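Take a look at the structure below.
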Amino acid sequence: MRWAPISKPCELSARPNLGDYEQARAEFDWATARSQLSGLPGGRGLNIAHEAVDRHAAGVRAQATALRCVDKQDQVTEIDYAELRDQTGKFANVLREHGVQRGERVFTLLGRVPALYTAALGTLKADCVLAPLFSAFGPQPVFDRLRIGGGAVLVTTYRLYRNKIRQLRSALPDLRHVFLVGEPTAEPGTTDLADALAHADPAFDIPSTSLEDWALLHFTSGTTGAPKGAVHVHEAVVAHHTTAAQALDLRPDDVFWCTADPGWVTGTSYGIIAPLTHGATVVSDEGEFDARRWYHVLAEQRVTVWYTAPTALRMLMRHGPELASRYDLSALRYIASVGEPLNPEVVVWGQEVLGLPVHDNWWQTETGAIMISNYPSEEIRPGSMGRPVPGIDAALLERGEDGRALVHGGEVRELTGADVEGELALRPGWPSMFRGYLHDEARYAASFAGGWYLTGDIAARDADGYYWFVGRADDVIKSAGHLVGPFEVESALMEHPAVAEAGVIGKPDPMAGELVKAFVSLRPGHAPSEELRTELLAFGRRQLGAVAPKELTFDDDLPHTRSGKVMRRLLKARELGLPEGDLSTLEKAR
Ligand code: ATP
Ligand code: MG
């Protein structure tokens, strides 16, 4: 099925700071983008926390709400920019008083509580490297990441410390300080954070920070294998700031909610840094992954811009329009999605049920910020990730036998023209580009060829320059001579009213090479049956022809990564009886 483009009301295209896409691209340059940030006083470089906090605390937005943290009981803690400056200053002073030097790694293992935000930004102020971990990780993944990252400091709670770290602490010689948030305890080898903060000076003079000083250490989602540690530097803030305007339409008066946990790159780049650099209000919520909860927070907090993920939107869709109609979503004006392919039916559903289309955008842990996006003032093409944001050059490269870009004598071939498909590549040089994989220089070096950064994703491009996600290079299925990405098959299945979500893999087959196999979860009111299976397979054949699934299994508990992606490699490993691989980022059944 072809989906009609969704055009925007004209007042959007009249946005004074954005203009139309072509014009914005033509006029954009990174030096001008950088000049929109203030830099440290006295020309002492650029520091993320200064741009996010101190410069607003010193200006007209000092009393504006920077953070609005909602806890599970709906208690709200509000912190304005001036207070956030003081609290982050205290945290930075606590680090110094404990002998923590610039460049050392500070890990956080916390839920979405106010202390997480002050520790994160205080770490950046002190020019230490922030490594945020997702609090639901088990002991082993926490240990591995602390060890690989050489964490000098950990900020966590007593409960998390006791359950996940205490017994492995002696094997972490680099870990000198553990600060505990919450009820004071007499746990040996730890320091009560509130106690330390109580004596600390709120005034902290941010040291000169160079553009290349390390700022963030982020582990990838582990969708395709063991997570990799990607390093980002302070210059990244230039891209955080500009892309938030270009792709999320963010303005200073917005109430912005990003559902991603700060343990993932989305949750720091856009859940903390980018909206604060605009002086906006950041909403964070400790509540569950649940459709009712999301509607509740959107309505109660009068959220204006919502940044979420396809799996969350599919869950809203599964609950139908009736649930949506019970909440007052009138404040909401912009929705964006990232992390995995956004099925076109979700975009159209947003327009029909929420009155707002969903803007898909694409990026990776490695890219640090949004690279390809449905632009605020331009029409949306459902199923497309959009076009490269101003300042970003993308290309599609010819692929070789192994599915990756064909590198010949160090060179690659760029595919030009309309309706081509190849490995998605980006021209290096944007500020939030990762500067390395920790302890894996060879892998980093192998990510570049012929002057391009190779993303490992396959995409197609239409005549107007919109990019369409096909699959990950190692995910693309070759069936009886046809190539198909799992996303296309999943999206086709989702057009059937019984299907809530699908995960598709290629299964080795002596005849076809690979055959397409689908795992499907159903919407409420539908139950697995042989009849439905036959119907869905026939439906798939009508939609997809030769690349339709030949096998289909009902699975009401599709495995997801904790960042919300269907874990196809696990579906495949289970199907083939192979080792399940690194499961540290697997979301437990929900
Ligand atoms: P790992 O690298 O450890 O296997 P990961 O690639 O899932 O995990 P992330 O950096 O969190 O880790 O995710 C980036 C990837 O997510 C992209 O390379 C792409 O495959 C997918 N992705 C992100 N946004 C989109 C999107 N809008 N549409 C399709 N795919 C997307
Ligand atoms: Mg990846």
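When a ligand or atom number is given, it counts from 1 through the structure's own listing order. The model shown is predicted, which means the values in this text are computed figures rather than measured ones.
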Side chain, backbone, both or neither: which part of D457 comes within less than 4.0 Å of ligand 1 when only heavy atoms are counted?
side chain
Not counting sequence neighbours, which residues clear side-chain hydrogen bond (donor to acceptor under 3.5 Å, both in side chains) with N361? List them please.
Y307
Would you say D462 and W468 are linked by a side-chain donor-acceptor pair, where the criterion is simply a distance under 3.5 Å?
yes
What I want to check is whether the side chains of D144 and Q140 have a donor and an acceptor closer together than 3.5 Å.
yes
Which residue and atom name correspond to the protein heavy atom nearest atom 4 (O) of ligand 1, and how close is it?
T224 OG1, 2.3 Å
Does G339, backbone or side chain, put an N or O under 3.5 Å from an N or O of ligand 1?
yes
Looking only at heavy atoms of T455, does any of them come nearer than 4.0 Å to an atom of ligand 1?
no
For ligand 1, is there an atom lying under 4.0 Å from some heavy atom of F219?
no
State the atoms of ligand 1, each with its element, that fall below the 4.0 Å cut-off from a heavy-atom position in N361.
24 (N), 26 (C), 27 (N)
If the cut-off is 4.0 Å to any non-hydrogen atom of T365, which atoms of ligand 1 fall inside it?
9 (P), 10 (O), 11 (O)
Under 3.5 Å, is there a donor-acceptor pair between the K565 and T311 side chains?
no
Side chains of E501 and H560: any donor to acceptor distance under 3.5 Å?
yes
Carboxylate-amine/guanidinium contact E423 R472, below 4.0 Å:
no
Under 4.0 Å between heavy atoms, the region of Q364 that gets near ligand 1 turns out to be both
What protein heavy atom is closest to atom 5 (P) of ligand 1, reported as residue, atom name and distance in Å?
T223 OG1, 3.4 Å
NZ or CZ of R145 within 45° of F107 ring axis and under 6.0 Å:
no
Hey, which atoms in ligand 1 end up nearer than 4.0 Å to a heavy atom of K228?
1 (P), 2 (O), 3 (O)
Answer yes or no: are there more than 12 heavy-atom neighbours, outside E345 itself, under 6.0 Å from its atom CD?
yes
Nearest protein heavy atom with distance in Å, relative to atom 11 (O) of ligand 1
S221 OG, 2.7 Å
Could you find the nearest protein heavy atom to atom 16 (O) of ligand 1 and give me its residue, atom name and distance?
K565 NZ, 2.9 Å
Would you call S563 a ligand 1 contact, heavy-atom distance under 4.0 Å?
no
Interfacing atoms of ligand 1 (cut-off 4.0 Å, heavy-atom, P341)
28 (N), 29 (C), 30 (N)
Does L342 have a non-hydrogen atom less than 4.0 Å from ligand 1?
no
Which is it for W363 and ligand 1 at heavy atoms under 4.0 Å: side chain, backbone, both or neither?
backbone
If we count only N and O atoms by modelled type, under 3.5 Å, do the side chains of D285 and W294 hold a donor and an acceptor together?
no
For a quick check under 3.5 Å, do D556 and S521 share a side-chain donor-acceptor pair by atom type?
no
Main-chain N/O of R443 paired to S447 side chain as donor or acceptor, under 3.5 Å
yes
Under 3.5 Å, is there a donor-acceptor pair between the Y467 and R461 side chains?
yes
Quick one: look up the protein heavy atom nearest atom 26 (C) of ligand 1 and list residue, atom name and how far away it is.
E340 O, 3.5 Å
Among all protein heavy atoms, pick out the one at the shortest distance from atom 6 (O) of ligand 1; state its residue, atom name and that distance to 0.1 Å.
R472 NH1, 2.8 Å
Within a distance under 4.0 Å of any heavy atom of V338, pick out the atoms of ligand 1 and give their elements.
24 (N)
